[in-house]
**Q** 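One structure coming up, written as structure tokens, with questions to follow.
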Amino acid sequence: MSQIYQHRARKRFGQNFLHDTGVIDRIIRAIAPREGDRMLEIGPGQGAITQSLVDSGVQLDVIEIDLDLVSILQDRFALAKNFTLHEGDALKFDFSRLNPEPSSLRVVGNLPYNISTPLIFHLLNNAHVVRDMHFMLQKEVVERMAAKPGGGDWGRLSIMVQYHCRVEHLFNVGPGSFSPPPKVDSAIVRLTPHAVLPHQAQDARALDRIVREAFNQRRKTLRNTLKNVLSAEEVEAAGVDGSLRPEQLDMAAFVRLADQLSAQPAAELS
Ligand code: SAM
């Protein structure tokens, strides 16, 4: 693609374009687009994934920040009636503009690695309209998302993503599949929002606050890391052993701590 359009990749927009048709096909098979699906692609670039999505007959909206790529995409998909281009920053994009039905929107993207975590948090805030999400991310980020309690990868990202979604690490992609090649390995992840949250906090902001505080100093005991938000007695009242370290707690325990915090009359949640 890059040879055809002569676009010079911009580092500041995290541009690593997929050129490996085997990988592109594998991604499309994982997404399994069906005619009429409502889809949103973030960062379509020169259209490596976009082309197959348009061809499959989905109703596709895309958001691209780079004006040069916007004009390439406008030319390439000028005749496609099922394609709508939004120029701008996906981090600021208001998903309600698309007017999706609840649990309908299928989100995909080979994401710019420099904004992938804030972007996923932005999407989690809109999880009620999302049916599923397929992303190419740094492999290390996918491992953290899919982590289980007890290990070094279990942290804020694992907890906040798994609170909202089922996480599947589908397959890895090496640097040679991109142009220019990134310095790290990549992986495809599928996130499917839970129909019913397995562990629902009374206030999700309290969970966010507890998890941030807990993992600020992951080597310390919970009694210590949480002392700005909960007393040692409150930690025990949530049924949590304060001498444990944050990575030893599972989701249910974090939710109990969050509920303990939101039960405080003057809790500062943000
Ligand atoms: N999807 C293409 C592919 O697979 O070849 C391009 C992937 S490239 C890793 C990331 C794309 O996201 C680039 O096209 C880049 O310009 C775009 N991008 C970067 N930051 C963005 C943002 N904040 N909002 C929307 N698009 C962004």
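We count ligands from 1, going down the list as the structure has it; atoms in each ligand are counted the same way. Heads up: numbering here begins at 1 and tracks the sequence.
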**Q** In ligand 1, which numbered atoms sit nearer than 4.0 Å to a non-hydrogen atom of P44?
**A**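 Heavy-atom distances to P44 below 4.0 Å select 1 (N), 2 (C).
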
**Q** Among all protein heavy atoms, pick out the one at the shortest distance from atom 23 (N) of ligand 1; state its residue, atom name and that distance to 0.1 Å.
**A** D89 OD1, 2.8 Å

**Q** Using a 4.0 Å heavy-atom cut-off, which part of L69 comes near ligand 1: side chain, backbone, both, or neither?
**A**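 Side chain only.
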
**Q** Side chain, backbone, both or neither: which applies to E41 and ligand 1 if a contact is any heavy-atom pair less than 4.0 Å apart?
**A**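 For E41, only side-chain atoms sit under 4.0 Å from ligand 1.
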
**Q** Do NZ/NE/NH1/NH2 and the carboxylate oxygens of D37 and R131 come within less than 4.0 Å?
**A** yes

**Q** Need the ligand 1 atom indices (1-based, order shown) with element for anything under 4.0 Å from a heavy-atom of G14.
**A** 8 (S), 9 (C), 10 (C)

**Q** Please examine the side chains of D68 and R10, heavy atoms only from C-beta on, and report whether any two atoms are closer than 4.5 Å.
**A**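 A side-chain contact exists here, since the closest heavy-atom pair is under 4.5 Å.
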
**Q** Among all protein heavy atoms, pick out the one at the shortest distance from atom 20 (N) of ligand 1; state its residue, atom name and that distance to 0.1 Å.
**A**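 For this ligand atom, the closest protein heavy atom is P112 CG, 3.5 Å.
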
**Q** Run the salt-bridge test on D208 and R156 with the 4.0 Å N-O cut-off and return the result as yes or no.
**A**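 A salt bridge links D208 with R156.
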
**Q** Test your reading of the structure: does L18 have an N or O sitting under 3.5 Å from an N or O of ligand 1?
**A** yes

**Q** Can you sort out which atoms of ligand 1 are near G88, meaning under 4.0 Å from one of its heavy atoms?
**A**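 Per the distance check, 24 (N), 25 (C).
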
**Q** With backbone taken as N, CA, C and O and side chain as the heavy atoms from C-beta onward, which portion of A48 lies under 4.0 Å from ligand 1: side chain, backbone, both, or neither?
**A**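 The side chain, only.
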
**Q** Between L111 and ligand 1, does any nitrogen or oxygen pair lie at a separation below 3.5 Å?
**A**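 Among all N and O atoms of L111, none is under 3.5 Å from an N or O of ligand 1.
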
**Q** For atom 12 (O) of ligand 1, grab the closest protein heavy atom and report residue, atom and distance to one decimal in Å.
**A** G43 CA, 3.2 Å

**Q** What heavy-atom pair brings I28 and I49 nearest, and what distance separates the two atoms?
**A** CD1-CG2, 3.7 Å

**Q** Under 4.0 Å from a heavy atom of I63: which atoms of ligand 1 are those, numbered in the order shown and with their elements?
**A**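 Under 4.0 Å from I63, ligand 1 has these atoms: 25 (C), 26 (N).
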
**Q** Classify the ring geometry between F254 and W154 as parallel (under 30°), tilted (30 to 60°) or perpendicular (over 60°).
**A** tilted

**Q** Quick one: nearest non-hydrogen protein atom to atom 4 (O) of ligand 1, plus distance?
**A**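 For this ligand atom, the closest protein heavy atom is N110 ND2, 2.8 Å.
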
**Q** Salt bridge (Lys or Arg N to Asp or Glu O under 4.0 Å) between R97 and D61: does it pass, once the steps are laid out?
**A** CA-CA 11 Å; R97 272 174 65 184; D61 286 78; over 6 Å; no

**Q** What is the ring orientation for H7 with F17, classed by angle as parallel under 30°, tilted 30 to 60°, or perpendicular over 60°?
**A** perpendicular

**Q** With no hydrogens and no angle check, do the side chains of Q51 and R76 hold a donor and an acceptor under 3.5 Å apart?
**A** yes

**Q** Just jot down the ligand 1 atoms closer than 4.0 angstrom to any heavy atom of E64, in number order.
**A** 13 (C), 14 (O), 15 (C), 16 (O), 17 (C), 26 (N)

**Q** Verify the distance criterion only: is there a donor paired with an acceptor across the side chains of N224 and Q217 at less than 3.5 Å?
**A**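 There is no such pair between these side chains.
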
**Q** Looking at F95 versus H122, is the centre-to-centre ring distance below 6.0 Å?
**A**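 Between F95 and H122, the centre distance is under 6.0 Å.
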
**Q** May I ask you to identify, for T50, whether its side chain, its backbone, both or neither come under 4.0 Å of ligand 1 on a heavy-atom basis?
**A**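 The answer is neither.
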
**Q** Just which atoms of ligand 1 are under 4.0 Å from any heavy atom in N16?
**A**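 Heavy-atom distances to N16 below 4.0 Å select 7 (C), 8 (S), 9 (C).
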
**Q** Compare all side-chain heavy atoms of F135 with those of I120 and state whether any distance is below 4.5 angstrom.
**A**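 Heavy-atom side-chain distance check passes, below 4.5 Å.
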
**Q** What protein heavy atom sits nearest atom 24 (N) of ligand 1, and how far away is it?
**A**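 In this structure, atom 24 (N) of ligand 1 has A90 N, 2.8 Å as its nearest protein heavy atom.
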
**Q** Is any NZ, NE, NH1 or NH2 atom of the basic residue among R144 and D153 found under 4.0 Å from an Asp or Glu carboxylate oxygen of the other?
**A**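 No, R144 and D153 are not salt-bridged.
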
**Q** Students should be able to answer this: which protein heavy-atom is nearest to atom 18 (N) of ligand 1, and at what distance?
**A** I65 CG2, 3.6 Å

**Q** Nearest to atom 19 (C) of ligand 1, what protein heavy atom do you find, and at what distance?
**A**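 Protein heavy atom with the smallest distance to atom 19 (C) of ligand 1: F13 O, 3.1 Å.
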
